[in-house]
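The structure appears below as structure tokens.
All of these numbers come straight from a predicted model, not from anything done at the bench.
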Amino acid sequence: MDSIRLRALEMSDLELLKKIENDPRHWSVGNTLAPWSHQALSMYIRQQAESDIYTTRQLKLVVEQSEHAIGLIDLFNYE
């Protein structure tokens, strides 16, 4: 059985992030009402690497199975 794990976002996840974040079907569960640009998502990944969940109150992780990114999970309004 393939194990599933969570890991931090990496720049190699940019295309997956863009595909998921720019899918209008997901906008109702987030705070997005318009597509994100390639550059904006690149900056987001860099900022995530330097951010602290206690400061930003949010964290986005990659769901990985057999070393392949298969999805994302968002933690937000963390207290």
**Q.** Donor-acceptor pair, side chain of T56 and main chain of Q58, under 3.5 angstrom
**A.** yes

Measuring from [X]:[atom1] to [Y]:[atom2], what's the distance to the nearest 0.5 Å?
X: L16; Y: E64; atom1: CG; atom2: CD; value: 10.5 Å
X: W36; Y: K18; atom1: CH2; atom2: NZ; value: 14.0 Å
X: H68; Y: I70; atom1: NE2; atom2: CD1; value: 10.5 Å
X: S51; Y: R57; atom1: OG; atom2: CZ; value: 14.0 Å
X: K60; Y: L9; atom1: NZ; atom2: CG; value: 7.0 Å

Q | For W27, all residues meeting side-chain contact (heavy atoms from CB on, under 4.5 Å), sequence neighbours excluded | A | P24, T32, P35

Q. Checking side-chain contact (heavy atoms from CB on, under 4.5 Å) against L72, which of D13, V63, L61, L17 comes through?
A.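 When D13, V63, L61, L17 are each tested with L72, the side-chain contact (heavy atoms from CB on, under 4.5 Å) holds only for L17.
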
Q) For E10, what residues pass the salt bridge (Lys or Arg N to Asp or Glu O under 4.0 Å) criterion, not counting sequence neighbours? A)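 Applying salt bridge (Lys or Arg N to Asp or Glu O under 4.0 Å) to E10 gives none.
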
Q.
In terms of relative ring orientation, are Y78 and Y54 parallel, tilted or perpendicular, with 30° and 60° separating the classes?
A.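 Perpendicular, since the angle between the ring planes exceeds 60°.
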
Q.
Set out, in order, the CA-CA distance, both residues' side-chain angles and the distance that settles salt bridge (charged side-chain N to carboxylate O under 4.0 Å, His left out) for R5 and E67, then state yes or no.
A. CA-CA 9 Å; R5 70 183 191 116; E67 299 184 28; over 6 Å; no

**Q.** Single-linkage hydrophobic cluster, 4.5 Å side-chain cutoff, L41 and I20 together
**A.** yes

